There are 4 protein chains.
Amino acid sequence: MYSKFFNISPDKQERILNAALKEFAQKGYEKASTNEIVKEAEISKGLLFHYFKNKKELFLFLYDYFVEIIMDEFYSKIDWNERDLFIRFRDLIVLEFELMKKYPDIFNFFMAAYHEESADVKIELEKRNKEILVSSYQKLFTDIDTSKFKQGIDINRAINIIIWTMEGFSNEQQKKGKFRTVDQINMEEILSEIDHYLNLLKTSFYV
Amino acid sequence: MYSKFFNISPDKQERILNAALKEFAQKGYEKASTNEIVKEAEISKGLLFHYFKNKKELFLFLYDYFVEIIMDEFYSKIDWNERDLFIRFRDLIVLEFELMKKYPDIFNFFMAAYHEESADVKIELEKRNKEILVSSYQKLFTDIDTSKFKQGIDINRAINIIIWTMEGFSNEQQKKGKFRTVDQINMEEILSEIDHYLNLLKTSFYV
Amino acid sequence: MYSKFFNISPDKQERILNAALKEFAQKGYEKASTNEIVKEAEISKGLLFHYFKNKKELFLFLYDYFVEIIMDEFYSKIDWNERDLFIRFRDLIVLEFELMKKYPDIFNFFMAAYHEESADVKIELEKRNKEILVSSYQKLFTDIDTSKFKQGIDINRAINIIIWTMEGFSNEQQKKGKFRTVDQINMEEILSEIDHYLNLLKTSFYV
Amino acid sequence: MYSKFFNISPDKQERILNAALKEFAQKGYEKASTNEIVKEAEISKGLLFHYFKNKKELFLFLYDYFVEIIMDEFYSKIDWNERDLFIRFRDLIVLEFELMKKYPDIFNFFMAAYHEESADVKIELEKRNKEILVSSYQKLFTDIDTSKFKQGIDINRAINIIIWTMEGFSNEQQKKGKFRTVDQINMEEILSEIDHYLNLLKTSFYV
DNA sequence: TATGAATGAGAATTCATTCAT
DNA sequence: GATGAATGAATTCTCATTCAT
């Protein structure tokens with residue numbers, strides 16, 4: 001599967017990958033044009049369909065390919081020894097920011113994929129349980145130290161509240177246009193604001 | 001502006017409005033077909049473009065039109081005398097559920113608009129500060145009773161945490177497919193879960 | 001159905017009909033190019049699909065349309081009072097030759113349709129029991145005078161033999177290239193040969 | 001000519017031959033895909049075009065190759081001592097049925113070739129006077145015993161009538177779908193009906 | 001011999017928008 | 001106001017054939 005593609009020169013692989021990534025990230029699945037992709041990648045029309053039998057397969061290939069790359073790097077860098085929920089969370093956010101800075105196109109692509117409405121692709125995307133980073137925090141808090149929580153607090157719901165707070169904050173930043181594209185993030189400022197929220201929640205949930 | 005449209009028979013206005021609403025709600029901006037809209041509304045192709053100079057204007061008109069309708073009803077039904085944050089919030093959610101049940105097509109349209117990626121329309125949508133209900137809770141908590149909060153708690157951030165928790169919960173429901181379309185909501189069950197979260201937060205933030 | 005098409009100017013109707021007829025007749029369903037059709041008919045690409053939702057519908061429309069025209073003319077010109085099998089048959093053949101001379105393109109189209117292998121269209125063609133002239137002689141001999149036949153002769157099978165002899169003869173002419181296209185028929189010569197065959201069979205089957 | 005092809009291993013020859021035969025038989029010349037052929041034959045794209053300079057040559061090579069095989073077997077099995085027209089004819093039909101059962105793919109290919117409309121190939125096919133079995137009976141009745149015919153009967157035309165009757169009957173069976181593919185023939189039933197026709201003609205033509 | 005990457009014209013179809021009537 | 005015929009660029013995808021390796 002896709003062995004054809006992996007056998008060509010790495011340079012050409014990269015050109016195709018990047019061209020497709022950019023096009024899908026910018027325009028979404030439906031509006032992305034295979035014509036633009038081949039033009040940008042400087043390959044012929046037929047060649048793209050020689051590697052990927054149709055647009056959908058190309059899209060899903062890209063998705064799987066980059067999910068694996070990002071996830072590998074992500075999981076390998078997590079400090080699993082840190083069992084304090086809030087510290088762990090903060091670490092994850094910092095890590096995510098770093099990855100976003102390193103691979104902005106990939107993250108833009110993931111966001112496009114996450115919001116994809118096209119029936120063609122949506123179902124396939126949902127089948128894949130490798131959910132993208134943005135919405136997969138839940139698994140990352142299984143071995144957390146629960147001894148610090150106030151009695152009577154439902155820890156799973158508490159974790160959800162923290163996650164959703166972070167997501168909500170992040171969405172708001174996006175809406176404000178604070179980081180229209182991934183590369184314009186003012187990390188200091190944002191981290192400081194995140195710490196305010198994390199502290200507020202820590203005060204609330206910890207003894 | 002749009003005076004042409006408002007001068008035709010209310011029956012025809014409604015047919016056009018509903019046809020367009022449904023089409024955009026189902027397929028999103030890009031994939032929505034003006035052909036389908038005129039067919040459903042039983043008007044000619046030319047007429048649609050006589051009223052609205054292009055697809056984008058039609059979409060944005062619909063948006064503004066229905067935002068106003070929904071907002072009017074929403075604001076008029078809020079009990080502004082209830083100043084307890086959590087009660088106010090719960091009231092708002094119940095109210096929103098009621099409206100969703102009453103105008104499911106409109107809410108499906110809003111959701112489609114909220115997730116719209118199409119560059120054409122996204123920018124225009126962002127310009128409008130009448131943000132859609134889903135994400136506009138912030139303004140609704142200006143006159144809240146702050147005396148019940150624990151000392152040292154930043155109330156604005158606390159409100160955001162509540163809002164984002166509710167949004168995150170709602171998104172998760174959608175992802176689970178619990179309410180694929182607006183009309184299949186199990187209100188009892190969801191309200192009960194919402195109350196768990198609200199109580200957890202109340203315990204955390206109130207004295 | 002197809003009212004759109006019938007409402008345009010007869011001149012344009014004819015241009016489209018003829019262009020499509022010629023293209024399908026020459027290249028068969030699959031290889032016929034809608035591009036060529038619109039070029040020949042001097043209309044835009046979109047317009048063809050405005051009238052006929054796809055290539056298949058265009059093809060089947062042509063088929064039904066011309067079958068009706070030819071059949072109407074054919075049946076209206078048959079002398080139903082002539083009840084002698086061989087005279088009737090000869091009349092029909094002469095009539096068919098006349099029609100082929102009058103509408104050569106249509107007959108070329110029918111022959112293409114008759115041999116059409118494309119699954120897309122074959123099934124639809126088979127559904128239509130209006131079989132094309134070439135293969136529908138059977139119905140034309142229901143009221144024949146059977147008193148002249150030798151005793152013991154199965155009349156239905158005898159009729160089949162006559163039909164198949166005529167068809168076989170006709171196919172052989174085509175194979176020999178004697179009438180590569182419909183308009184080059186040497187009617188005298190062919191009729192004379194046909195009469196030989198009919199006489200041979202008449203001698204065999206009649207008392 | 002084709003010496004390249006005949007020098008490779010018989011196993012590979014056979015794979016290529018069978019793959020091409022099947023593809024052309026199923027889809028006809030135009031729609032047959034060289035991609036499918038090389039995939040099925042497990043050879044590379046380039047190799048196919050190394051042996052046969054293009055699709056057309058491959059097709060015509062197949063045709064010549066299999067016509068020869070079938071014809072050799074056919075002619076070698078005819079009982080040339082049987083000089084009665086009707087017995088000879090019946091023998092031929094039985095022989096043909098046997099071959100069709102033995103080599104169904106080849107016969108399906110012949111039928112596809114016989115109906116081929118593609119201009120590219122049609123002309124070449126017509127040039128070859130090795131006509132395929134189905135339509136080449138004529139040569140098989142040169143040494144027939146003519147003494148049994150009624151006086152005044154043109155024997156060549158009589159033979160044609162028999163041939164065309166058989167062909168017509170066979171075509172009708174196909175149209176009825178009685179043998180959609182070669183392997184589902186109910187030989188008993190068909191032979192019985194054939195005998196009816198042969199007897200009718202025998203009674204008519206013999207003294 | 002053998003490979004399979006690469007080509008690029010051409011296929012059918014869609015669609016927002018215009019404009020003469 | 002109202003019609004709907006007309007446009008044509010853009011879409012995804014196919015395929016026989018070539019050629020450097």
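Letters A, B, ... mirror the listed sequences (proteins, then strands); counts begin at 1. Every value quoted in this text rests on a predicted model; they were computed, and no experiment measured them.
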Would you say a side-chain N or O of [X] is under 4.0 Å from OP1 or OP2 of [N]?
| X | N | value |
| --- | --- | --- |
| Ser33(C) | dA11(E) | yes |
| Tyr51(D) | dT1(E) | no |
| Thr34(D) | dA16(F) | yes |
| His50(C) | dA5(F) | yes |

Applying a 4.0 Å non-hydrogen cut-off, can you work out what [X] is touching in the nucleic acid: base, sugar-phosphate, or nothing?
| X | answer |
| --- | --- |
| Lys55(B) | sugar-phosphate |
| Ile8(A) | sugar-phosphate |
| Phe5(C) | nothing |
| Lys12(B) | sugar-phosphate |
| Phe52(A) | nothing |
| Asn7(C) | nothing |
| Asn35(C) | sugar-phosphate |

Calculate the interatomic distance between [X] atom [atom1] and [N] atom [atom2]; express it in whole Å.
| X | N | atom1 | atom2 | value |
| --- | --- | --- | --- | --- |
| Leu58(B) | dC15(E) | CG | P | 16 Å |
| Gln13(D) | dA2(E) | CD | P | 11 Å |
| Tyr2(B) | dG1(F) | OH | P | 14 Å |
| Arg15(C) | dA5(F) | CZ | P | 15 Å |
| Lys39(D) | dC15(F) | NZ | C1' | 12 Å |
| Lys56(C) | dT13(E) | NZ | C1' | 15 Å |
| Ile37(C) | dA11(E) | CD1 | P | 11 Å |
| Phe59(D) | dC15(F) | CZ | C1' | 18 Å |

Side chain of [X], heavy atoms from C-beta onward: which of [options] has the nearest atom to it?
| X | options | answer |
| --- | --- | --- |
| Leu47(C) | dT17(E), dA5(F), dA16(F) | dA5(F) |
| Phe49(D) | dG4(E), dA16(F), dA2(F) | dA16(F) |
| Lys45(B) | dT18(E), dT13(E), dA5(E) | dT18(E) |
| Lys4(D) | dT1(E), dT7(F), dT3(E) | dT1(E) |

Q) Paired with dA5(E) by Watson-Crick or G-U wobble geometry, both distances under 3.5 Å: which nucleotide is it? A) dT18(F)
Q: Could you let me know what dA12(E) is paired to, Watson-Crick or G-U wobble, both distances under 3.5 Å, or none if it's on its own?
A: dT11(F)
Q) Out of Tyr51(D), Tyr2(D), Phe66(D), which one pairs with Phe61(D) under the side chain to side chain contact (heavy atoms under 4.5 Å, CB included) rule? A) Tyr2(D)
Q. So Tyr65(C) and Phe109(C), ring pair (Phe, Tyr, Trp, His ring centres under 6.0 Å) or not? Walk me through it.
A. CA-CA 12 Å; Tyr65(C) 181 82; Phe109(C) 172 75; over 10 Å; no
Please find the pair of heavy atoms, one from [X] and one from [Y], that lie closest to each other, and give the distance.
| X | Y | result |
| --- | --- | --- |
| Leu48(C) | Ile43(C) | N-CD1, 4.0 Å |
| Ala25(A) | Ala112(A) | O-CB, 4.0 Å |
| Ala113(D) | Phe59(D) | CB-CZ, 4.0 Å |

Q. Distance-only, no hydrogens or angles: does the Glu30(D) side chain make a donor-acceptor pair with backbone N or O of Glu30(C) under 3.5 Å?
A. no
Q) On DNA chain F, nearest-nucleotide positions of Tyr29(D) versus Leu48(C): which is more 5'? A) Leu48(C)
**Q.** Residue whose closest nucleotide on DNA chain F lies nearer the 5' end, Lys31(A) versus Lys53(D)
**A.** Lys31(A)
**Q.** Nearest-Å distance once atom P is located in both dT1(E) and dT21(F)
**A.** 22 Å
Q) Got more than 12 heavy atoms from elsewhere within 6.0 Å of CD, Glu124(D)? A) yes
**Q.** Toward the 5' end of DNA chain E, by each residue's nearest nucleotide, Glu36(C) or Glu42(D)
**A.** Glu42(D)
